[in-house]
Amino acid sequence: MDTQSIETSGRFDPANGAVTSVVTSDATRDVTRSPMSPTTELRPAHGKSSRRLSRDEADALGRELDAIRAEVLADLGERDVAHIRAVMKAAGAASIAGRTLLHFGIDPVTFVLGTSALGLAKILENMEIGHNVMHGQYDWTGDPALRGDTYEWDIVCPGDDWRSSHNYEHHTFTNILGKDRDIGYQFLRVADEQPWELRHLAQPVTALALAVFFEWGVGMHDLRVAETTRGEQSLAELGRRSGPFLAKAGWQIAKDYVVFPLLAGPNAPRVLAGNVLANVARNLWTFSVIFCGHFPEGVRVYSEEETKDESRGEWYVRQINGSANLEGSRWMHLMTGHLSHQIEHHLFPDLPAARYPEIAPRVREICERYGQVYATGSLPTQLADVAKRIVRLSWPRRAKRAPSAAVA
Amino acid sequence: MLSTIERRLSATLRDARRTAARRFFVDRQTGLWRSELAWLGVRSRDHARVTAVLEETPDTRTLVLEPPRGWVPHRPGQWTRVEIELAGVRTSRCYSLSSAPHDPELRITVKRVANGRVSGRLHTLRVGDALRISPAEGQFVLPTHPVRLLLLSGGSGITPMRSMWRALLQSDAADVVIVHHARTRADVIFAAELEALATRRGFRVVVRLDDEHARPGEGGFDVGALRTAVPDLEEREVFVCGPPAMMRRVEAMGLPRLHVERFAAMPRPAADPDATEVLVTLGGHASPGGRTIAARTDGALLDQLEAAGERPASGCRMGLCRTCSCLKRSGTVRHAISGAISDAPDEIIQLCVSVPCTDVELGPIVQHAVHAAPDERASERTLDPREKLARRSAQKVDPR
Ligand SMILES: Cc1cc2nc3c(=O)[nH]c(=O)nc-3n(C[C@H](O)[C@H](O)[C@H](O)COP(=O)(O)OP(=O)(O)OC[C@H]3O[C@@H](n4cnc5c(N)ncnc54)[C@H](O)[C@@H]3O)c2cc1C
Ligand code: FES
């Protein structure tokens with residue numbers, strides 16, 4: 001049995017860790033690792049950079065994280081179920097309230113209230129409910145309503161596509177250039193290591209467009225349109241991949257842009273406008289949260305080569321260095337689906353997200369002890385950081401401000 | 001002919017309505033509100049409601065239930081899987097229905113087991129509470145044609161018998177002997193009913209109490225006493241349900257027409273010092289790519305999967321109910337009770353009684369839930385693409 005093919009998912013299990021981590025001896029690894037190519041050098045993060053850990057150190061760090069994970073798993077119970085159900089009910093109620101206000105109101109006040117409520121419902125549903133439930137965070141409850149592998153969320157991206165492109169690829173190959181298709185969503189240059197192309201000149205505009213139409217970007221992500229135009233994927237495969245997406249998109253369009261507006265009769269334009277705005281608001285919000293999670297300064301990307309025979313501990317280290325947190329209030333965390341704790345989420349994607357704030361101080365302490373940068377900042381700072389980076393990287397050479405220019 | 005078309009059509013329409021409902025009112029909201037409404041007293045397809053709680057003995061209670069909407073009447077002797085939530089985790093156990101099919105309400109009669117998780121919780125239920133129950137199942141059922149019967153029970157094993165004798169009261173050609181064992185007089189479940197039954201034509205009732213009848217040191221059931229009490233034993237269709245020791249002795253009698261129902265889980269296979277470690281691969285896992293866990297060759301797959309954090313559906317946990325059935329793609333497993341070996345590919349096995357002998361590859365595992373609502377089942381069809389991915393990625397070398 002090939003030991004390396006044992007666990008091929010983003011799910012970890014201490015029992016497996018023992019099996020999967022027997023890979024190669026350190027001697028072999030050092031050969032494959034060195035000489036370090038310039039692209040794999042650590043970039044300074046806000047003046048600091050993570051210390052390079054030996055495999056033993058990384059594995060020790062991994063064991064400490066495993067202990068936190070085991071502790072949370074043992075403590076799962078009533079409170080977690082009560083939390084997610086309360087959020088589900090709140091989202092359901094907000095959606096009903098929003099649609100009712102849009103349908104029956106005639107004044108601008110109810111329009112604004114209705115649109116906000118609907119937007120709020122969609123944000124809660126996509127982030128705290130959909131994203132987290134689909135990660136299987138509540139599978140342990142055995143409740144079919146909280147089952148991750150069949151949940152279908154309120155967005156044009158089909159749940160199954162998301163489960164394969166996000167849960168598996170992105171969470172397993174986080175920030176590995178060439179393997180994590182979430183890096184800049186394949187058309188933005190968000191890391192110095194990505195080669196510059198002419199089209200990147202337009203990326204400040206394309207990024208804004210992506211923000212506005214984010215759900216469509218996410219939905220079409222797994223169709224691999226770019227790969228098809230480059231000839232890496234057959235048209236037949238593109239067609240096969242398009243089927244579920246078109247079906248899902250059809251339902252979403254029918255719901256928000258046809259049926260609900262028509263049901264409102266003379267109020268149709270108002271309902272249509274409200275639904276469009278709610279979807280766009282959700283798109284802007286999710287775009288911001290997700291881009292702040294992986295692309296602010298200080299978050300690094302990895303080369304395929306350097307992660308080739310990574311141990312479980314080193315996998316943890318990559319997750320820490322490939323993610324950034326957001327600081328904010330309890331409500332802010334909820335609205336981001338606790339992706340504001342992107343680091344904790346990437347370490348423990350299948351623990352109920354509402355637990356991340358509780359374990360965050362301990363994770364941070366571990367990171368500090370092992371000299372790993374725990375990137376964090378407020379939403380405006382991080383967003384500004386991401387924006388600056390997108391603008392800066394739209395040019396072939398780096399701006400003078402980037403002191404760490406390893407590659408020119 | 002016309003009716004089949006009609007039925008197909010209405011099924012298609014129902015599916016379409018459900019899909020539309022799910023798409024328009026976010027996916028799981030319907031399931032969520034169904035449970036909420038059940039607690040508010042709205043009848044649903046999978047919730048029964050407690051309408052009365054009867055104290056049978058100091059440690060046994062009967063829950064009188066309003067059946068779920070669309071309940072299909074059970075056959076006398078069948079059981080239902082009762083599901084409740086314990087610390088956020090849905091947990092289910094089987095309970096024989098102690099009411100007859102024609103009774104207006106459903107009944108289950110629950111003995112509180114020491115430290116019992118589910119039986120303990122069921123004893124805290126009050127009138128108005130809701131609980132999920134599955135459609136009735138089980139092969140331990142009364143024959144449809146009239147026969148001479150012996151209903152032999154011990155302790156809480158009397159529950160399916162009540163369903164049977166109440167059904168028999170409907171027919172006038174009954175020839176039934178009821179032999180029941182209990183520890184003391186106070187522990188006789190349905191005592192008043194048994195007393196009344198003894199006066200009916202065609203019924204004979206024998207109640208044996210351990211503290212009054214059993215020879216000292218012998219405790220409980222005694223084959224000789226049974227033969228004396230029921231001389232025409234061999235000519236009767238025998239239904240037996242009781243403590244494991246009693247069941248073993250009855251089974252050893254070699255009766256020609258014996259039907260057994262077991263309540264207590266099988267004793268776990270003892271840890272075997274020679275046991276080795278094997279790998280169990282789960283297909284169609286929530287995390288694409290599947291999952292592989294290390295298992296030992298001296299324990300049932302169900303227990304080991306649970307220990308690894310999986311939640312396979314289960315009911316009786318002793319090879320009876322088939323809730324835990326699962327496709328075994330490859331590998332060899334041993335039946336924990338019969339010792340039978342399954343080594344052919346693509347065989348259906350029961351996880352609760354299958355002990356792995358080699359590396360085993362399983363198909364998709366049905367998750368724990370009383371019964372998935374129809375809309376959930378429909379969406380399970382979408383598992384397919386991920387299964388493909390699972391196979392694809394299984395060939396790749398994992399970076400970790
Ligand atoms: C087909 C079928 C029909 C059943 N019908 C009935 C019924 O009508 N009435 C009824 O009361 N029970 C019935 N049972 C038993 C019931 O399903 C549970 O096993 C029982 O209520 C204990 O569950 P628990 O969660 O309370 O105990 P658990 O928390 O699962 O177990 C706690 C402890 O009790 C032991 N234990 C488990 N079951 C028993 C038992 N039956 N007797 C003694 N010790 C036990 C366990 O080994 C454990 O040590 C039936 C079981 C089956 C398979
Ligand atoms: S759980 Fe009943 S057959 Fe396995």
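Below, chains carry the letters A, B, ... as their sequence lines are ordered, and counting in each starts from 1. What you see below is based on every heavy atom in this structure, not just the backbone, and it leaves out hydrogens, waters and symmetry mates.
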Handout entry: CG on A/Asp143 to CD on B/Glu83, rounded to 0.5 Å
Key =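 Answer for the CD-CG pair, B/Glu83 versus A/Asp143, is 8.0 Å.
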Practice task
Please flag which part of A/Phe260 lies under 4.5 Å from any non-hydrogen atom of chain B: side chain, backbone, both or neither.
Solution key: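 Looking at A/Phe260, just its side chain touches chain B.
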Problem - chain B contact via A/Ile96 - side chain, backbone, both or neither, heavy atoms under 4.5 Å - result: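 Side chain only.
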Exercise for the section: Mark yes when over 12 heavy atoms from residues, nucleotides or ligands other than B/Asn115 sit less than 6.0 Å from its CG; otherwise mark no. Expected result: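 Count not over threshold, so no.
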Problem - Note, B/Glu85 side chain near A/Val81 side chain (heavy atom, < 4.5 Å) - result: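 The answer is yes; the side chains approach within 4.5 Å.
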